[in-house]
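Keep in mind that this is a model prediction, so the values were computed, not measured. We're numbering straight along the sequence, starting at 1. These numbers come from the heavy atoms of this one structure, side chains and all, not from hydrogens, waters or symmetry mates.
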Amino acid sequence: RSPNAPNQRVTGLFNNPNYLGMWLSLCLPFGISLLKLAKRKASRIVLYIINIFILYFAISTNSRNALLGILISILLIFGIRRIIYFSFFLLAGLFLFNILLPNFINFNDSYLYTKLVNFNLIARMNIWQNAINLIYQQPLLGWGAGTFPYLNKIIGADNYQHTHNLFIELAYNFGIPLAFLVSSTVISIFIKSFNMIKRLDKSSSEYSIYTTFFASFSVFLTAHMTDVTYYDGRISLIFAVLLAGFLNFIEEKNNFKIVK
């Protein structure tokens, strides 16, 4: 979007800043993990630059979930001891970008800060309450995909395109049984993977790889508690890859136990 527009937000090919922020924050753990595993100096320099780009543009989307995703990725991949080092790396990169491209994104507007300070949880809760009231009327099969904004108009509620919560979205669209089945399956895979990752050798490349998957998966689940960006094909594709990776990880470990 135009750098001169008020409260400008980077959108890229997504045409929606929240979608771009989600996609970048899902990719960030992989960029950080590759940087940790890189041995050659040239590779590390390139990966440093790529990670700076990811961080810069994720923050430039002014998306709260993108910022939360960055914090989750740093915490899970680096651990508390290295957060200070990474924070210096992040701030130095953003400061350098702001010097080189002062007119591209103007952080002085503090739009993201304003969004964080003025986050209206009441508005989110009203959306969820309206959705839950509608779910009670069609608990088994739901109302069908894409009907939420139209029913909102009928009941006189604010115009929102979705329910801003993935579980509520599933229950509203397809009914509580399907929402419970899908959610419990995903959470079960998430917990099993977490327990298996804890038993891995922390110095192994396998631990680094699956910690990366776990961090990205955590970002996805956390963000979809207050928003639904899954409808974008690129984000749903990343989620499918993460889920398939965890399923493969669980199957490998189970087969290894059987062989032993």
* According to a 4.5 Å side-chain heavy-atom criterion applied to Ile, Leu, Val, Met, Phe, Trp and Tyr, with indirect links allowed, do Leu181 and Ile176 form part of one hydrophobic cluster? -> no
* Kindly determine whether Ser33 and Ile209 satisfy side-chain contact (heavy atoms from CB on, under 4.5 Å), including the steps that lead there. => CA-CA 7 Å; Ser33 181; Ile209 292 171; 5.6 Å; no
* For Phe194, what residues pass the ring pair (Phe, Tyr, Trp, His ring centres under 6.0 Å) criterion, not counting sequence neighbours? -> Phe214
* Asked: Are Leu134 and Leu151 side-chain neighbours, meaning at least one heavy-atom pair lies under 4.5 Å?
  -> yes
* Separation of Ile59 CD1 from Ile54 CD1 (nearest 0.5 Å) -> 12.0 Å
* Asked: Taking the side chain as C-beta and beyond, is there a heavy-atom pair between Leu75 and Leu71 under 4.5 Å?
  -> no
* Asked: Closest approach of Ala38 and Leu47, non-hydrogen atoms and distance?
  -> CB-CD1, 3.7 Å
* Give me the ring orientation class for Phe220 and Tyr230: parallel if the planes are under 30° apart, tilted from 30 to 60°, perpendicular past 60°. => perpendicular
* Structure fact -> Correct closest heavy-atom pair for Ala66 and Ala58 would be CB-O, 3.7 Å
* Asked: Are the aromatic ring centres of Phe167 and Phe180 under 6.0 angstrom apart?
  -> no
* Okay, side chain of Asn133, backbone of Gln129: is any donor-acceptor separation there less than 3.5 Å? -> yes
* Structure fact -> So CD1 of Ile132 and CE of Met125: to nearest 0.5 Å the spacing works out to 9.0 Å
* Structure fact -> For His164, the ring pair (Phe, Tyr, Trp, His ring centres under 6.0 Å) test, sequence neighbours excluded, returns Tyr160, His162
* **Interatomic spacing from OG in Ser25 to CD1 in Ile238 - rounded to 0.5 Å** => 8.5 Å
* Structure fact -> Note: Thr61 and Pro17 closest approach over all heavy atoms is CB-O, 3.4 Å
* Sorted by first residue and then second, give each side chain to side chain donor-acceptor pair (under 3.5 Å) pair with at least one member in residues 181-192; sequence neighbours left out. => none
* Option from Leu26, Val186, Ile189 for which side chain to side chain contact (heavy atoms under 4.5 Å, CB included) with Phe217 holds -> Val186
* Under the ring pair (Phe, Tyr, Trp, His ring centres under 6.0 Å) rule, collect the residues that match up with Phe249, sequence neighbours excluded. => Tyr210
* To do: Determine, using the 4.5 Å side-chain heavy-atom cutoff (strictly less than), whether Val241 and Leu247 are members of one ILVMFWY cluster.
  => no
* Cluster overlap Ile49 with Leu55, hydrophobic side-chain contacts below 4.5 Å -> yes
* Taking the side chain as C-beta and beyond, is there a heavy-atom pair between Phe148 and Trp143 under 4.5 Å? -> no
* If you round to the nearest 0.5 Å, how far is CG of Leu141 from CG of Leu178? -> 10.0 Å
* Closest approach of Ile77 and Lys36, non-hydrogen atoms and distance? -> O-NZ, 3.3 Å
* Asked: Taking the side chain as C-beta and beyond, is there a heavy-atom pair between Phe190 and Ser218 under 4.5 Å?
  -> yes
* Asked: Between atom CG of Leu20 and atom OG1 of Thr229, what is the distance when rounded to the nearest 0.5 Å?
  -> 11.0 Å
* Structure fact -> In short, side chain to side chain donor-acceptor pair (under 3.5 Å) pairs touching residues 165-180 with sequence neighbours left out are Thr147-Tyr172, Thr163-Glu169, Glu169-Asn173, Glu169-Tyr231, Asn173-Tyr231
* **Where Ala223 and Asn65 come nearest, the two heavy atoms and their spacing** => O-ND2, 3.4 Å
* **same_hphob_cluster(Ile74, Leu37) at 4.5 Å side-chain heavy-atom cutoff** => no
* Structure fact -> On a heavy-atom basis, the closest approach of Pro177 and Leu140 is CD-O, 3.7 Å
* Determine whether Val219 and Met22 make a side-chain contact, defined as any pair of heavy atoms from C-beta on separated by less than 4.5 Å. => yes
* Side chain proximity check, Trp23 to Tyr19, heavy atoms < 4.5 angstrom -> no
* Asked: Checking Arg44 side chain against Leu35 main chain: does a donor-acceptor pair fall under 3.5 Å?
  -> yes
* Indicate if Met225 and Val182 have the same hydrophobic cluster label, given that clusters are the connected sets of ILVMFWY residues with side-chain heavy-atom separations under 4.5 angstrom. => no
* Any chance you could measure Leu200, atom CG, to Ser208, atom OG, to the nearest 0.5 Å? => 10.0 Å
* **Minimum side-chain heavy-atom gap Thr211-Ile197 below 4.5 Å** => yes
* **salt bridge (charged side-chain N to carboxylate O under 4.0 Å, His left out) against Asp227, all qualifying residues, sequence neighbours excluded** => none
* Asked: With no hydrogens and no angle check, is any side-chain donor or acceptor of Ser216 less than 3.5 Å from a backbone partner on Phe213?
  -> no
* Asked: Would you say the side chain of Asp201 lies within less than 4.5 Å of the side chain of Tyr207, judging by non-hydrogen atoms?
  -> no
